[in-house]
Amino acid sequence: MEKTKVTLEDVKQAAVRIRPYVCRTPLLRESKMDRALGCQVYVKPEMLQVTGAFKIRGALSKILSLTQAERDKGIITSSSGNHGQACAYAGKVLGIHATVIVPEDTPTLKVENARSMGANVILWDRAYTERWKKVHAEVEEHGYTIVHNYEDFDVMAGQGTIALEIMEDLADVETVLVPIGGGGLISGISTAIKETNPSIRVIGVQAEACCPYYLSRQNGERTRATVKQTIADGLACDWPGNNTYPIIEKYVDDIVTVSEEAIEEAVRMVANDAKLVAEPSACVGIAALQSGAVTTRPDEKVCVVLTSGNWGIDMIGRLLKGERVAGIF
């Protein structure tokens, strides 16, 4: 039976399913950032996953829940990169054919990584709707099962396992900052947190250049955003998801946005102070604290989810040298 929601119990079951295949990333105390960010800083470095991003949790949660008949036919998804790599890796370790439809301007590193894991990677139109038309055409022809990067409840449950680990490692965490793209990550995390301890504050962060959830929160209804050029390519989304939007409205305390300049500075801070290579999309939580978009107490225990590190090292190097890096779209 198809799921119609995600619950704390779903997240706990996902944690059991995926445990043999994923890294239990550490919770790192980054006291060097405290003064600049105005709180006691902890980071959850999901770039340390085998695929370099949190997406492997959700992809495996979904794929491991498929029947053998569904596995035999293969899986398909559309992704800006990290979810595609996750599906490719899951296909490789589980012996399942994976097809990934990606935007034609996806960073080369992400495309090469997916192909190296045996996935059939198809470069297609940047437009979200056009890529999903291609997905459904492939499903019609081959009978693949779709592994949606954020609308699927099993995927959300897998992403929510991050929250379980945070709360296990820091029982008195007070605030958790989570990047929002399509919304699957924060849907899973906020569900796990709020159904465990409602007093923990969950804040979503979007790039100003693509912020449909922020606009929807401001307007009190689902609102389409105009997607502008951004270096946070992994957060590209112009319309709140059908399944994610109600969860986010129910469980996420606040949604803020950050500028391109703030994101760039956050990438530099993470590299210089935490010694971690994080892609811009991963650093919006740090940007929100650094820019004052989120206010905290100096003694407040704040965890920032650093989602991924799959960005060209040459581009990160340019940012570290203080150069401006053009976004995509």
- Message: Which residues pass the salt bridge (Lys or Arg N to Asp or Glu O under 4.0 Å) test with E140, not counting sequence neighbours?
- Response: none
- Query: Among all residues two or more places apart in sequence or in another chain, which pass the salt bridge (Lys or Arg N to Asp or Glu O under 4.0 Å) test with D10?
  - Reply: none
- Query: Going through the distances and angles, do D34 and R29 end up as a salt bridge (Lys or Arg N to Asp or Glu O under 4.0 Å)?
  - Reply: CA-CA 10 Å; D34 287 2; R29 175 74 172 96; 2.7 Å; yes
Any non-hydrogen side-chain atom of [X] less than 4.5 Å from a side-chain atom of [Y]?
X    : Y    : value
P212 : W239 : no
Y213 : V252 : no
I247 : N243 : no

- Item | Atom CH2 of W132 with >12 non-hydrogen neighbours under 6.0 angstrom | yes
- Query: How about H83 and Y150: are their ring centres within less than 6.0 Å of each other?
  - Reply: no
- Note on the structure: Per side chain to side chain donor-acceptor pair (under 3.5 Å), R24 is matched among E168, E165, Q49 by E168
- Message: Here's a test for you: under side chain to side chain donor-acceptor pair (under 3.5 Å), which of E130, R131, H148 qualifies with S78?
- Response: R131
- Distance-minimising heavy-atom pair for A88 and A114: CB-O, 3.7 Å
- Intermediate values then yes/no, salt bridge (Lys or Arg N to Asp or Glu O under 4.0 Å), E138 and K134: CA-CA 6 Å; E138 292 288 318; K134 177 62 173 174; 3.1 Å; yes
Hey, what do you get for [atom1] ([X]) to [atom2] ([Y]), rounding to the nearest 0.5 Å?
X    : Y    : atom1 : atom2 : value
D299 : Q40  : CG    : CD    : 6.5 Å
I231 : E279 : CD1   : CD    : 10.5 Å
M47  : N310 : CE    : CG    : 9.5 Å

- Message: Is there a path of hydrophobic side-chain contacts, each under 4.5 Å between heavy atoms, that joins M269 and I263?
- Response: yes
- Query: M33, L170: one ILVMFWY side-chain cluster at the under-4.5 Å cut-off?
  - Reply: no
- Item | Any side-chain donor near an acceptor of the partner, Q85 and T51, under 3.5 Å | no
- Is there any side-chain hydrogen bond (donor to acceptor under 3.5 Å, both in side chains) pair reaching into residues 247-256, and which pairs are they, with sequence neighbours excluded? K194-D253, E195-Y251, R217-E249
- Query: Between R115 and E112, does at least one N-O distance fall below 4.0 Å, as a salt bridge requires?
  - Reply: no
- Looking at I166, T25, V43, which one forms a side chain to side chain contact (heavy atoms under 4.5 Å, CB included) with V305? I166
